[in-house]
Amino acid sequence: VQLQASGGGPVQAGGSLRLSCAASRRTFSHYVMGWFRQAPGKEREFVAAISGTGHITKYADSVKGRFTISRDNTKNTGYLQMTSLKSEDTAVYYCALDSSHWVRSPLSSGNYAPRADWGQGTLVTVSS
């Protein structure tokens, strides 16, 4: 599966951005999708995940209430709407697709999925 993340860029604190993750897989709806981020000098961390149908979501506490994960299976694309951005949200954001069912996917519990496919990342820079 090829994943193309886009939508990153510079933004002021308090602003919003929407990231997109386009997948080449036609069975996109069968995959759990997740977003992770990695700030300079830090480990990659979980941000959000969404089930194949889009009915179930999971968020990191640090973004809950500010970020919204969604997907459009007709377009094989997932999204991460980010609002009320903070300087600590500055990071490279990566999307991932895991073929496991939601209940068996590490993404559903906010964990790294070693067998997932990953996109190349898109940089979000929040200035205060």
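Residue numbers count from 1 along this sequence.
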Mind checking whether L107 and L97 sit in one hydrophobic cluster, side chains of I, L, V, M, F, W, Y counted as touching below 4.5 Å?
no

Applying side-chain contact (heavy atoms from CB on, under 4.5 Å), name anything that partners Q120, two or more places apart in sequence or on another chain.
Q4, A5

Answer whether the closest heavy-atom distance between the side chains of W118 and F36 falls below 4.5 Å.
yes

So disulfide (SG to SG under 2.5 Å) across residues 35-72, not counting sequence neighbours, yields none

Could you list all the disulfide (SG to SG under 2.5 Å) pairs where at least one residue sits in residues 99-128, not counting sequence neighbours?
none

Enumerate the residue pairs fulfilling side chain to side chain donor-acceptor pair (under 3.5 Å) with a member in residues 102-115, sequence neighbours excluded, ordered by first and then second residue.
D98-S105, S109-N111

Using a 3.5 Å distance criterion without hydrogens, assess whether the side chain of S24 forms a donor-acceptor pair with backbone atoms of Q2.
yes

Sequence neighbours excluded, which residues qualify as side-chain contact (heavy atoms from CB on, under 4.5 Å) partners of S87?
none

Just jot down the side chain to side chain donor-acceptor pair (under 3.5 Å) partners of T74, sequence neighbours excluded, or say none.
D72

I'd like a table of donor-acceptor pairs (distance under 3.5 Å, sequence neighbours excluded) in which one partner is a side-chain atom from residues 9-23, with atom names and distances.
none

Those residues at least two apart in sequence (or on a different chain) that pass side chain to side chain donor-acceptor pair (under 3.5 Å) with D89 are R37, R66

W35 and F46: same hydrophobic cluster, using ILVMFWY side-chain contacts below 4.5 Å?
no

Pairs where residues 75-97 contributes a residue and the test ring pair (Phe, Tyr, Trp, His ring centres under 6.0 Å) is met, not counting sequence neighbours:
none

Ring pair (Phe, Tyr, Trp, His ring centres under 6.0 Å) contacts in which one or both residues fall within residues 3-32, not counting sequence neighbours
none

Please, which pairs that meet disulfide (SG to SG under 2.5 Å) have at least one residue in residues 30-79, sequence neighbours excluded?
none

Taking distance alone, no hydrogens or angles, what donor-acceptor pairs closer than 3.5 Å link side-chain atoms of residues 47-63 to residues at least two apart or in another chain?
from: S51; atom 1: OG; to: T53; atom 2: OG1; distance (Å): 3.4
from: S51; atom 1: OG; to: G54; atom 2: N; distance (Å): 3.4
from: S51; atom 1: OG; to: H55; atom 2: N; distance (Å): 3.3
from: S51; atom 1: OG; to: I56; atom 2: N; distance (Å): 3.1
from: T53; atom 1: OG1; to: H55; atom 2: N; distance (Å): 3.3
from: T53; atom 1: OG1; to: H55; atom 2: ND1; distance (Å): 3.4
from: Y59; atom 1: OH; to: I69; atom 2: N; distance (Å): 2.8
from: D61; atom 1: OD1; to: K64; atom 2: NZ; distance (Å): 3.2

